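Since the model is a prediction, treat every value here as computed from it, not as a measurement. Throughout, a chain's letter reflects where its sequence line sits, starting with A, and its residues are numbered from 1.
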2 protein chains.
Amino acid sequence: MTAPLHPRKNPRQARARATVTAILEAAARILVAEGLERLTTNRVAEVAGVSIGTLYQYFPTKEAILAEILRDKRQQLLEDIRAATAEGTGEGFEARLSRLVEAAIAHQLGQPTLARSLEYLDSLLPLEAETQALKAAILERVAGFLARGGVARPDESARDLVAALRGMIDAAGLAGETDRAALFRRAMRLVRGYLDLGEGVSR
Amino acid sequence: MTAPLHPRKNPRQARARATVTAILEAAARILVAEGLERLTTNRVAEVAGVSIGTLYQYFPTKEAILAEILRDKRQQLLEDIRAATAEGTGEGFEARLSRLVEAAIAHQLGQPTLARSLEYLDSLLPLEAETQALKAAILERVAGFLARGGVARPDESARDLVAALRGMIDAAGLAGETDRAALFRRAMRLVRGYLDLGEGVSR
DNA sequence: GGAAAGAATGAGCAATCGCTCAGGTTTCTC
DNA sequence: GAGAAACCTGAGCGATTGCTCATTCTTTCC
């Protein structure tokens, strides 16, 4: 008889599923184009083409919308990282490292504003446990991969490398760089240098 | 006879100068402790121990306060970078590079929340021209230093390195790391690797 | 000592925000 | 086709925000 503690309804009909998608996409579009502080629930609803009432039937708070976008992005990154570092593919450490860096670039170069907003968002609020867990899982996966490659202090190294790469890719994206191959080469130099791997294959 | 386009008064008496300082310090304190979104003008005035009316005699908008804090921080960083890369000290490229990295750590490890907030702030608003110019001057100075060291594509390299270092130092700060020497060693590995300088002196 | 300029006050305005709720429309189920 | 369930609507509430302005207090200068 208690009122639903979790105000979020989950959509059963196709129409409602489309509504939820529209809301998430609208929020992401606003984030890309204008950033966090210009994102209001009324505006998200307007851009999504639904009423605010509808929005609040599927998302209990404004933060829930943002958390879900971040969750989706991280989930996708985690899967890409899993694929890049998967065992039993016959690839060596360095080949996997390359795919890791490629995944990072693919994940972030496209929408630096979005990535930046989400990252900032994460730093200022205790988000969903699941979202935080994803972040930890990403670092853990990278650390495990580094450990298998014989890298000392894998946790620390994973944190350093992920943060440095993110900074560099983000800056390149904001500066309008679109040449992924060139960026990849520089990113690899950065990573290989940090890991003391010596000169790379590609130059 | 036109009304003052620039609503900011500049303080003439010592009392007023102290007021301006108090406002800036209060804003910085709020930024460190709670972040951008919790910073309101009424709260800044309250923490500073002045009335909002007084605050608005010296700062035309809320953003002006934040811009000034960012300007001060950047000014200080630029001067540290100038000192680190100064000519005629008899030091070599590598010694100067070390001092550059040390300056970056000193500048950012202390208050990662503040640094993060200011950085985000910069990305979402067209701030004062002077603030933007400082950012450009910092990159230019680093690029000039790299060019003198024989580094190819100095502008690109400066952007990459500054962004990567910032990301790494920021992450270390947020993770609670306080051992500057250890962080310095890792940062140098990152930078030296990117620049293809081979093995460093310190391990 | 007195007037003008500088500095400080704080109630409160206009705008905006996140969000609610009473009701209407569409879809599903039998 | 009829009732139920799911879905959608949007006016507007209460709170908060950035900021103004009429007024008062303080300092400077002759």
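Within the 4.5 Å cutoff, the side chain of A/Q132 has heavy atoms near those of the A/D122 side chain.
Comparing B/E37 and B/A14 along DNA chain D, the residue whose closest nucleotide (by nearest heavy atom) sits nearer the 5' end is B/E37. Summary of the strand contacts: B/Q13 and B/L39 both lie near DNA chain D, and taking for each the nucleotide with the nearest heavy atom, the more 5' one is attributed to B/L39.
Here the P atom of nucleotide C/dT26 and the CZ atom of A/R17 are 19 Å apart, to the nearest Å. Summarising the geometry, the separation between CZ on B/F59 and C1' on C/dA7 is reported as 15 Å, rounded to the nearest angstrom. Following rounding to the nearest Å, A/Y58 (OH) and C/dT20 (C1') show an atom-to-atom distance of 17 Å. Look at CG on A/L55: it is 14 Å from P on C/dC17, rounded to the nearest Å. Put simply, CZ on A/R15 is 12 Å from P on D/dA6, counting in whole angstrom units. Distance CD (A/E46) to C1' (D/dG10): 13 Å, rounded to an integer number of Å. Protein atom CD1 of A/I23 is 11 Å distant from nucleotide atom C1' of D/dC8, rounded to whole Å. Protein atom CD1 of B/I30 is 11 Å distant from nucleotide atom P of D/dT17, rounded to whole Å.
Annotation for B/R153: atom CZ does not count as buried by contact number, only 12 or fewer foreign heavy atoms lying within 6.0 Å.
Taking 4.0 angstrom as the limit, A/T19 places a side-chain polar atom (N or O) nearer than this to OP1 or OP2 of D/dC8. Under 4.0 angstrom from either OP1 or OP2 of D/dC8 there lies no side-chain N or O belonging to A/S51. Contact between the side-chain N/O atoms of A/T41 and the OP1/OP2 oxygens of C/dG18 is found at a separation under 4.0 Å. Look at A/Y56 and you won't find any side-chain N or O under 4.0 angstrom from OP1 or OP2 of C/dC21. The side chain of A/R12 contributes an N or O atom lying less than 4.0 Å from OP1 or OP2 of D/dA6. OP1 and OP2 of D/dC7 both lie 4.0 Å or more from every side-chain N or O belonging to A/T54.
A/I30 and A/V47 make their closest contact through CD1-CG2, 3.9 Å (heavy atoms, listed as atom of the first residue, atom of the second, distance).
Of the candidate nucleotides C/dG18, D/dC7, D/dT20, D/dT20 has the atom lying nearest to any side-chain atom of B/I52. Side-chain proximity of B/Q57 to the nucleotides C/dT20, D/dA6, C/dA8 is greatest for C/dA8. Nearest to the side-chain atoms of B/A16 among the listed nucleotides C/dA7, C/dT9, D/dG18 stands C/dA7.
Of the possible donor and acceptor atoms, one in the side chain of A/R17 sits under 3.5 Å from a partner among the backbone N and O of A/R12. The main-chain N or O of A/T131 is found under 3.5 Å from a side-chain atom of A/R74 such that the two form a donor-acceptor pair.
No contact: B/I65 has no heavy atom under 4.0 Å from any strand.
Side-chain rings of A/F93 and A/F145 approach one another, their centers coming within less than 6.0 Å.
Between the side chain of B/N42 and the base of D/dC19, at least one donor-acceptor pair of N or O atoms lies under 3.5 Å.
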